[in-house]
Amino acid sequence: MFKGLFQTKSKAKNPVVVDTTGLDMNNIPQHIAIIMDGNGRWAKAQGKVRTFGHQAGAETLKTIVRAADKLGVKVVSAYAFSTENWKRPVTEVSFIMELLSRYLTNEIDEFNENNVQVRFIGSREGLPEIVKQKMDHAIEATKDNTGIILNLAINYGGQAEILHAVRSIAAEAAAGRLAVEDIDNKVIEDHLYTQGLPAPDLLIRPGGDLRISNFLLWQIAYAEIWTTKTFWPDFTPDHLVEAILAFQGRERRFGGLVSR
Ligand code: FPP
């Protein structure tokens, strides 16, 4: 068990302080997946428009990624826009696309200062050209960073991801490049958007709903789930520590009888 406070040494304007009291620093989840929910309700509670909540949510993500990095987390996957989110009013969708585009422009320096590598999961189909360009730029500009990976899910759906994987595996089999009996978990994982990343150990959902919402369906098979009623814009490094403490209190048996 370790006790103490970590403070980032980066030049970033607002240092992120993480109170690690009670945490076992040898048992930090390697990959944390986050469903950033509650932005709209957070804004409404303050008499503001929903988009104000998304803007605040984007700020929260920056803080939480830096806090996760201080704690030794290797990957944060954040659900920024789902394949179902296109059903929202066009003004809200456009706002989120603009927000993403701005975020991927303005935060590159900070990602580099903090050694953050940016990746994306999801389909590019239907995304505005400018967003796709910013995504490519963010990947290229941060590809040599060796610190935490920020894996942003944009136009992402777990079922669509599995369908995409099945189709490409079937195409390889039909072309004679892959024998049906050779299709195993590894082959499937190699065809998912998350290829090369470890499976999430912990899934965090703020906002009070107890749903998976089509996020990382294959990958969260054995993830521990932690939820809070706190809306995402109010989520702090203390909540992250609380989630990890809960994770450390669970016995992970992966279907067996003893934890590993
Ligand atoms: C869910 O809250 C949130 C979203 C659908 C979008 C999440 C987007 C962001 C946090 C901002 C964009 C991210 C980046 C990286 C720039 P909700 O709107 O469903 O909230 P509600 O349940 O209260 O309505």
Side-chain angles (χ1 to χ4, degrees), residues 12 32-69 75-111 114 116-124 126-128 130-139 141-142 148-158 160 193 203-216 227-236 239-240:
I32 298 182
I34 307 177
I35 300 175
M36 304 184 286
D37 198 20
N39 296 343
R41 282 167 287 163
W42 178 87
K44 197 172 166 216
Q46 312 192 31
K48 303 253 173 55
V49 288
R50 293 176 52 80
T51 48
F52 188 74
H54 296 317
Q55 185 140 1
E59 286 302 311
T60 300
L61 181 60
K62 273 174 17 189
T63 305
I64 295 306
V65 169
R66 280 165 52 198
D69 187 36
V75 186
V76 167
S77 288
Y79 210 177
F81 192 83
S82 77
T83 44
E84 288 70 39
N85 287 152
W86 295 108
K87 295 180 202 151
R88 295 190 175 202
V90 69
T91 46
E92 183 167 339
V93 171
S94 305
F95 183 91
I96 294 176
M97 291 300 150
E98 264 174 49
L99 184 60
L100 280 167
S101 167
R102 244 185 302 134
Y103 191 84
L104 296 175
T105 307
N106 298 342
E107 303 310 326
I108 297 296
D109 285 350
E110 196 173 320
F111 289 145
N114 290 291
V116 177
Q117 188 186 113
V118 184
R119 296 196 197 179
F120 299 95
I121 52 173
S123 167
R124 290 189 163 218
L127 289 176
I130 184 74
V131 172
K132 290 190 274 189
Q133 280 171 21
K134 303 284 180 183
M135 287 164 72
D136 287 339
H137 178 245
I139 293 168
T142 66
I148 195 166
I149 295 172
L150 170 58
N151 184 40
L152 280 173
I154 299 178
N155 197 19
Y156 176 86
Y193 297 127
L203 171 71
I204 295 177
R205 179 164 193 150
D209 285 330
L210 303 176
R211 280 192 290 274
I212 301 300
S213 295
N214 203 13
F215 195 35
L216 298 172
T227 62
T228 172
K229 289 201 165 92
T230 302
F231 297 137
W232 174 247
D234 283 335
F235 196 94
T236 64
H239 292 103
L240 180 67

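Residues take their numbers from the sequence shown, with the count starting at 1. These numbers come from the heavy atoms of this one structure, side chains and all, not from hydrogens, waters or symmetry mates. Counting starts at 1 for both ligands and their atoms, following the listed order.
Contact annotation: the side chain of Lys134 approaches that of Thr105 to within less than 4.5 Å [non-hydrogen atoms, C-beta and beyond]. The shortest distance between side-chain heavy atoms of Ile154 and Leu100 falls below 4.5 Å. Here the side chains of Asn85 and Ile96 are not in contact, with every heavy-atom distance at 4.5 Å or above.
Considering backbone and side-chain N/O of Tyr79, none are found under 3.5 Å from N/O of ligand 1. At least one N or O atom of Asp37 sits closer than 3.5 Å to an N or O atom of ligand 1. Residue Gly40 has at least one N or O atom closer than 3.5 Å to an N or O atom of ligand 1. In terms of polar-atom proximity, defined here as any N/O pair under 3.5 Å, Arg88 does make such a contact with ligand 1. Distances between N or O atoms of Asn39 and those of ligand 1 include at least one value under 3.5 Å.
Heavy atoms of Thr60 found under 4.0 angstrom from ligand 1: none, in either backbone or side chain. Proximity of Met97 to ligand 1, defined as any heavy-atom pair under 4.0 Å, is not found for any part of the residue. Of the heavy atoms in Leu61, only side-chain atoms (C-beta onward) come closer than 4.0 Å to ligand 1.
Distance check: Leu240 CG to Ile32 CD1 gives 5.0 Å after rounding to the nearest 0.5 Å. Atom CZ of Arg50 sits about 8.0 Å away from atom CG of Asn39, to the nearest 0.5 Å. Summarising the geometry, atom CG belonging to Asp37 is positioned 14.5 Å from atom CH2 belonging to Trp42; distances are rounded to the nearest 0.5 Å.
Of all atoms in ligand 1, listed by their number and element, those nearer than 4.0 Å to a heavy atom of Leu99 are 11 (C), 12 (C), 16 (C). Interface atoms of ligand 1 facing Met36, defined by a heavy-atom separation under 4.0 Å, are 1 (C), 2 (O), 3 (C), 10 (C). Near Arg50, meaning under 4.0 Å from any of its heavy atoms, are these atoms of ligand 1: 17 (P), 18 (O), 24 (O).
Screening Thr63, Leu61, Thr228 for a side-chain contact (heavy atoms from CB on, under 4.5 Å) with Phe235, the sole residue that qualifies is Thr228.
For Arg102, the heavy-atom gap to ligand 1 stays at 4.0 angstrom or more.
With hydrogens left out, the protein atom closest to atom 21 (P) of ligand 1 is Arg41 NE, 3.6 Å, a heavy atom. Of all protein heavy atoms, the one closest to atom 11 (C) of ligand 1 is His54 O, 3.4 Å. With hydrogens left out, the protein atom closest to atom 5 (C) of ligand 1 is Asn85 OD1, 3.5 Å, a heavy atom. Scanning the protein heavy atoms around atom 14 (C) of ligand 1, the nearest turns out to be Leu100 CD2, 3.8 Å. Nearest protein heavy-atom contact of atom 7 (C) of ligand 1 is Ala80 O, 3.3 Å.
Closest of all the heavy-atom pairs between Ile212 and Leu203 is CD1-CD2, 3.9 Å.
The aromatic ring centroids of Phe215 and Tyr156 lie less than 6.0 Å from each other.
In the model, Thr236 has a side-chain atom that pairs as donor or acceptor with a side-chain atom of His239 under 3.5 Å.
When the shell of 6.0 Å around NZ of Lys44 is examined, it contains 12 or fewer heavy atoms from other residues, nucleotides or ligands.
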